[in-house]
Chemist: 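Below you will find the structure I want to go over with you.
We name chains A, B, ... by the order of the sequence lines, and we start the count at 1 in each one.
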Amino acid sequence: MSTSATAADSDASDLQKSLLSWYRHSRRNLPWRRTRDPYAIWISEIMLQQTRVAAVLDKYAQFLAQFPNVKALADASLDEVLTVWSGLGYYRRARALHQAAQMVVHHLHGKFPDTAAGWRQLPGIGRYTSAAIASIAFNEPAAVVDGNVERVLERLDGERHEGERLWERAEQLLAKRAPGDWNQAMMELGATICLPQNPQCLVCPVNGPCKTRGPLQSRPQPKRKRAELWYALYARKNSVLLVQRPADHSLMAGMWELPAIRANGVEPLHKLRHSITDTDYAVFVVRGRTAKKHGKWVTHEEAHRMAITGLTRKILRKHFAREA
DNA sequence: AACCCGTGGAA
DNA sequence: TTTCCAAGGGT
């Protein structure tokens with residue numbers, strides 16, 4: 001068979017060299033880049049889903065310290081896992097992580113899959129995450145597409161790719177001899193240079209072949225919603241009453257919070273703002289008065305060692321700061 | 001395809 | 001103050 005390289009092959013090769021070289025010199029020093037342990041890589045990929053690096057750093061260290069391997073995670077209770085996850089958001093990730101750990105231990109003899117297809121059978125792991133883990137931890141030539149990669153390809157090619165075309169384009173460019181570094185290089189470029197706003201094109205390692213070198217056509221943004229949330233704060237001495245959300249609730253299942261109440265005209269103890277996905281909430285906390293039988297009385301310190309929601313954390317911090 | 005799921009920091 | 005977003009998955 002012919003071995004002559006096409007122009008497209010040559011272009012891809014130059015692009016690969018430029019980007020890989022840049023990545024190996026300029027990448028951020030992140031903890032999950034110092035390991036090839038599939039378990040540690042897996043945890044990092046789940047935590048990083050739709051979540052900023054800065055928010056993940058602390059949780060990542062804490063999670064690995066408490067659950068150092070898949071057996072420890074599988075043996076832990078869901079509540080323990082949710083407690084560490086508390087504040088990170090998207091709590092279904094923690095549930096799926098726990099469930100996947102038990103599947104690996106009980107059905108796969110504690111041995112992780114070594115292919116993207118195998119990883120994808122596990123809950124909470126889709127096309128992106130399976131390819132990320134397989135390429136980084138097992139050197140499988142599987143391209144990833146995340147928000148960064150989609151944006152980088154849009155600028156590079158001067159057109160948006162959608163659906164399956166997007167994945168095909170990512171596969172075309174993949175450096176098959178270094179898939180883990182390549183995938184991370186594409187994402188690192190998107191996260192640090194090829195930004196949504198104000199891209200740093202002057203210092204971009206691939207500005208030569210880039211067809212855009214500037215702002216992208218903006219997309220219409222879905223309008224944000226507004227709503228109110230009302231909670232009752234029952235306080236005695238140093239304790240407050242928390243209740244647990246139903247385990248089968250679609251929103252923050254199993255997490256602890258203040259008892260929710262209907263809106264009323266009582267002057268709130270606390271007023272604050274909180275956003276959950278596409279809704280901006282005005283939050284009102286009134287003093288609890290009626291008898292309350294269900295729930296758990298906890299101190300501020302105890303609450304922070306429970307699986308409380310981010311909003312609950314925010315309310316309690318404000319409340320006990322005022323008490324002090 | 002469209003929608004839902006959290007959070008807090010930056011602009 | 002408000003807007004925008006960040007290494008997606010599940011349905």
Chemist: Using atom OH of Y90(A) as one end and atom P of dG6(B) as the other, report the distance to the nearest whole Å.
Modeler: 8 Å
Chemist: How far, in whole Å, is dG6(B) from dT3(C) if one measures between their P atoms?
Modeler: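 Comparing P positions in dT3(C) and dG6(B) gives a spacing of 22 Å.
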Chemist: How many whole angstroms separate atom OH of Y281(A) from atom P of dT2(C)?
Modeler: 17 Å
Chemist: In whole angstroms, how far is the P atom of dA2(B) from the CG atom of D278(A)?
Modeler: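 To the nearest whole Å, that distance equals 15 Å.
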Chemist: Verify the ring-centre separation between W85(A) and Y90(A): is it less than 6.0 angstrom?
Modeler: no
Chemist: For I46(A) and dG6(B), what is the distance between atoms CD1 and P respectively, to the nearest whole Å?
Modeler: 15 Å
Chemist: By nearest nucleotide on DNA chain C, pick out whichever of R151(A) and R92(A) is the more 5' one.
Modeler: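 Going by which nucleotide is closer to the 5' end, it is R151(A).
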Chemist: Is a donor on one side and an acceptor on the other found under 3.5 Å between the side chain of E228(A) and the backbone of A282(A)?
Modeler: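 The answer is no, because no donor-acceptor pair under 3.5 Å joins these two groups.
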Chemist: So does Y91(A) get a side-chain nitrogen or oxygen closer than 4.0 Å to the phosphate oxygens (OP1/OP2) of dT7(B)?
Modeler: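 Y91(A) to dT7(B) OP1/OP2: side-chain N or O found under 4.0 Å.
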Chemist: Establish, with yes or no, whether the OP1 or OP2 oxygen of dG9(C) is under 4.0 angstrom from a side-chain nitrogen or oxygen of T129(A).
Modeler: yes
Chemist: Could you tell me whether the side chain of S86(A) and the main chain of I308(A) form a donor-acceptor pair under 3.5 Å?
Modeler: yes
Chemist: Once you apply a heavy-atom cut-off of 4.0 Å, does M252(A) come out as touching a base, just sugar-phosphate, or nothing?
Modeler: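 Sugar-phosphate only.
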Chemist: With no angle test and no hydrogens, is the base of dG6(B) tied to the side chain of T51(A) by a donor-acceptor pair under 3.5 Å?
Modeler: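 Under the 3.5 Å cut-off, the side chain and the base do form a donor-acceptor pair.
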Chemist: Counting just side-chain N and O atoms, does Q49(A) come under 4.0 Å of either OP1 or OP2 of dG8(C)?
Modeler: no
Chemist: Linking Ile, Leu, Val, Met, Phe, Trp and Tyr through side-chain heavy atoms less than 4.5 Å apart, which residues share a cluster with V243(A)?
Modeler: none
Chemist: Regarding W85(A), tell me which of base, sugar-phosphate or nothing describes its non-hydrogen contacts under 4.0 Å with the strands shown.
Modeler: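 No contact.
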Chemist: Please give me every residue in residues 117-128 of chain A whose heavy atoms get under 4.0 Å of an atom in DNA chain C, ordered by residue number.
Modeler: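 Per residue number, the list reads P123(A), G124(A), I125(A), G126(A), R127(A), Y128(A).
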Chemist: Tell me the interatomic distance from K225(A), atom NZ, to dG6(B), atom P, rounded to whole angstroms.
Modeler: 14 Å
Chemist: Do the side chains of E164(A) and R127(A) get close enough for a salt bridge, i.e. N-O under 4.0 angstrom?
Modeler: yes
Chemist: Check D280(A) with R273(A), please: is the shortest side-chain N to carboxylate O separation under 4.0 Å?
Modeler: no
Chemist: Looking at R169(A) and E159(A), is there a salt bridge between them, counting it only when a charged N and a carboxylate O are closer than 4.0 Å?
Modeler: no
Chemist: Are any side-chain N or O atoms of Q16(A) and backbone N or O atoms of L173(A), one a donor and one an acceptor, separated by less than 3.5 Å?
Modeler: yes
Chemist: Assess, by modelled atom type and distance only, whether the side chains of Q49(A) and R93(A) contain a donor and an acceptor separated by less than 3.5 Å.
Modeler: no
Chemist: For V105(A) and A74(A), work out which heavy atoms get closest and say how close.
Modeler: CG2-CB, 3.6 Å
Chemist: Report each atom pair, protein N/O against N/O of nucleotides 8-11 of chain B, whose distance is under 3.5 angstrom.
Modeler:
from	atom 1	to	atom 2	distance (Å)
dG8(B)	N2	R52(A)	NE	3.0

Chemist: Rounded to whole angstroms, how far apart are CD on Q197(A) and C1' on dA6(C)?
Modeler: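 Result: 14 Å.
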Chemist: What is the distance, to the nearest angstrom, from the CG atom on D280(A) to the C1' atom on dG6(B)?
Modeler: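 Atom-to-atom, D280(A) to dG6(B), this comes out as 13 Å.
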Chemist: When all nucleic acid strands are considered with a 4.0 Å heavy-atom cut-off, which category describes R95(A): base, sugar-phosphate, or nothing?
Modeler: nothing
Chemist: Could you check how far CE of M47(A) sits from P of dT7(B), rounded to whole Å?
Modeler: 15 Å
Chemist: Please work out if L251(A) contacts a base, only the sugar-phosphate, or nothing of the nucleic acid, heavy-atom cut-off 4.0 Å.
Modeler: sugar-phosphate
